[in-house]
Amino acid sequence: MASMPISFAALLDRPDIWRGDSLSRTGAPTLPCGFPGLDAGLPGGGWPAGALTEILLAHEGIGELRLLGPALAGLSRRGLRLVWIAPPHLPYAPALAAAGIELANLVIVRTASPKETLWATEQALASNACGAVLAWPQGAKYAELRRLQIAAEGGRAPAFLFRVPEAASESSPAPLRIALATSDGGLAVRVLKRRGAPLAQPILLPSMPPAARGKTHHVDRHPVASVAARDFSARLVHA
Amino acid sequence: MPRLPLEIFLRGSSTPEPFALEERHRVFACDRKAFARGVRAGMAVAAALALAPALRIAPRDPATETEALLGVAGWAAQFTPGVALEFPDGVLLEVSSSLKLFGGLESLLERLRRGLAEMGWSSVLAGAPTPRAAFWLARAGKQEFIGESAELEPALAALPLEVLRCSDETLAAFEAIGVRTLGELRALPREGVARRFGQRLLDDSDRALGRLPDPRNFFVPPARFGAAIELPAEVTQAEALLFAARRLIVQLAGYLAARSGGVQRFVLRLGHRDKAPTEIAIGLVVPSRDAEHFTLLVRERLSNLELAAPVRELALKADDVVPLPGSNLGLALEQGKPPGQWEHLVERLRARLGTEAVCGIASRAEHRPERAGVIADAGQKRLQLDFGERPFWLLESPRPLAEIGAVPHHDGPLELLVGPERIESGWWDGDDVARDYFVARMQNEALVWIYREWRGEGGWYLHGVFA
């Protein structure tokens, strides 16, 4: 019986065969993160949907939300809900709107304890009613993260957990773990864990500092009792 | 529902002791535990107590029985608009026109049986071309379904005379002449029976056979829902309350389905012996009649609840029923989990964490930063101005910064990158600000939003973080 010639590459071109030298093709849906350099380094070319992504931060204020900005903006414009669970500060509406996020689709959940945070995150993931879930858990244990990962599986929402850098030494069920640090004003994304071959080099993203926009001034000064004369070079926007 | 008088006491929770109902100093009905000790219906209460000293005895409660029967009728109205009551313990459903909708007789019976069991009622289901025949079959404990009028007469002939609900003397008189079944009764000369026992017996059996008309008043579901369960033993555990609440929730869901409606709010009232009742109001984002969802919400609320006192009674009320059409199943076969209902998630989170815990944010046309971004109801939309650079995180209240050699410090000196942006506003409400805002870089390269205060004592403040 003559056998059909099949090329070896074609034989291996199956999603359920994992080759050590390449990124795995899990076939799982992903969400482009909006930074081509980073997308290339992530399995499937973006943030994994229906799975946990851990983001380990040396300290806040290095661009951790700007990193998610394009993905979140895209989701919110498609009418999908973004759920932020136990954020460390008040998410500031004008800045989020300026980043293109539809505020109407952003929901904040405030919790009173780390346990409530984990519970709310699990509910949000299990419901599969959210476009993305962002959570700031404190001191989550492996078993607790495992529950979250199971809740996220099969869903459509990417789940981002913001954790302290010390968590890098603990094992985690999250299929994607990245650590963020600043580097020459830019953002260095170190992929600690991903499906597929490990990535030795950090991915450098261009600096994303707030652009120096015009020095706008907003002065609504009392028409009569004006404040004491100071040398304001302020432009009057509203009188 | 042969055990209805007993089950109004026992469906909420079980008692460790045997339980019996009395009527006129005689045992009317008893539970299995009492039966195992030899207690029987009709026995004197004193005799029953001698057999089972731990026996708990409650008087029969006809008012609650009627209420329970009305509740079952309201629940059953989801299957057919033709529901009639047969006091004290029967509900008649005209189902011939509903069979197709509910997937045939077997599937309809299955739904009826399961729903009744979930509400805590045991049931005998029977069917016949006439309502009276169906009821008599059920009362005789025969789960039979007779489709043709021709089969009616032989089936009814075998029924004992007790189904007629006639007096004990009448039964004894029939017994004396050797008449025990309906068939034997109908074999007697009609005039003689009518003269001696009244026309009613003959008329009733004619109605059962469909030879006399048997009009019924259809039951109309009430405009508001209210149902209660009395707990025989005081309950102190939330889990046990949920069990009882679930029985009421199933009834509520059936009632709402019958009215093609949903509720946006319902109240669970826990009655205590000496204290004012505890009311738990459960609000929903969108109207619903999903029993599973209601149960989840009640579970969350009960798990957070500190019971003020043991609970004696549980009541469920829903006043405002809004129209809620049935839903069609989607045709789309999507991979993975089906998308969940967003409203259900919000309700579940609010039930456990509190209503204020889940909120949205909105942007307002306001220059003062702390007022431009506000907590709003989830999903609210507002105007916004074109601002300068704004951070993603805003501190709940500005944090004062040290100033060393005219340079603001926050974990080391801050480097001013962008600014100043003058914000001077708010004179009209007495909360005016005059500030110069800067984007500053910390030693660890984090970017923060700080300002220099021009009013009062002045100084530098941290107000936001560029995350």
Side-chain angles (χ1 to χ4, degrees), chain A residues 50 58-66 81 87-99 103-112 116 119-120 123-124 126-130 154-156 182 185 209-222 225 227 230 232 234 237-238, chain B residues 336-342 344-346 348-349 352-353 356-363 367 369 372-375 378-382 384-385 387-396 417-427 432 434 439 442 444-448 454 464-467:
Chain A
H59 46 83
E60 61 184 25
I62 57 178
E64 63 272 24
L65 288 182
R66 266 166 287 152
R81 301 312 204 300
H89 305 287
L90 179 66
Y92 192 42
L96 294 166
L103 295 182
N105 290 330
L106 194 151
V107 171
I108 302 165
V109 179
R110 288 179 289 189
T111 59
E116 281 191 355
W119 176 83
Q123 294 298 318
S127 78
N128 200 22
C130 312
R156 60 181 176 176
T182 46
R213 300 196 351 187
K215 293 178 189 173
T216 336
H217 298 271
H218 308 290
V219 178
D220 297 326
R221 195 167 292 167
H222 198 289
V227 278
R230 285 197 205 97
F232 287 152
V237 173
H238 287 239
Chain B
K337 282 194 284 192
Q341 269 212 35
W342 167 251
H344 286 191
L345 172 63
V346 172
R348 209 171 312 147
L349 292 173
R352 165 111 171 229
L353 306 173
E356 321 76 44
V358 183
C359 56
I361 55 172
S363 177
H367 291 300
V374 293
I375 294 292
Q380 208 171 338
K381 225 171 180 175
R382 289 280 176 84
Q384 62 177 72
L385 297 173
F387 292 109
E389 208 56 57
R390 291 288 181 267
F392 280 129
W393 292 138
L394 194 73
L395 271 58
E396 303 262 352
L417 296 182
V418 184
E421 178 187 353
R422 165 64 47 84
I423 294 180
E424 192 178 341
S425 182
W427 52 265
D432 45 341
V439 178
M442 292 171 58
N444 62 20
E445 298 198 54
L447 295 175
V448 291
W454 285 110
V465 180
F466 288 91

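Lettering follows sequence order; numbering is per chain, from 1.
- Contact annotation for Ala58(A): neither backbone nor side-chain heavy atoms come within less than 4.5 Å of a heavy atom of chain B.
- By number of non-hydrogen pairs under 4.5 angstrom with chain B, the leading residue of Gln123(A), His59(A), Glu64(A) is His59(A).
- Contact annotation: the side chain of Trp119(A) approaches that of Leu349(B) to within less than 4.5 Å [non-hydrogen atoms, C-beta and beyond].
- Between Cys130(A) and Trp342(B), some side-chain heavy-atom pair lies under the 4.5 Å cut-off.
- Considering all non-hydrogen atoms of both residues, Leu345(B) and Ser127(A) come closest at CD2-OG, 3.6 Å.
- Listed here is the closest heavy atom pair of Trp393(B) and Tyr92(A): C-CB, 4.4 Å.
- At least one side-chain heavy atom of Val109(A) sits less than 4.5 Å from a side-chain heavy atom of Leu353(B).
- A pairwise comparison of heavy atoms in Pro391(B) and Ala95(A) identifies O-CB, 2.9 Å as the closest pair.
- Shortest non-hydrogen contact noted between Gly61(A) and Val465(B) is CA-CG1, 3.2 Å.
- Closest approach of Glu60(A) and Ala446(B) over heavy atoms only: O-CB, 3.4 Å.
- Taking every heavy atom of both residues into account, Leu103(A) and Ile361(B) meet most closely at CB-O, 3.7 Å.
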Under the criterion side-chain contact (heavy atoms from CB on, under 4.5 Å), I'd like the reasoning laid out for Ile62(A) against Glu445(B): C-alpha separation, chi angles, the key distance, then a yes or no. CA-CA 7 Å; Ile62(A) 57 178; Glu445(B) 298 198 54; 5.6 Å; no

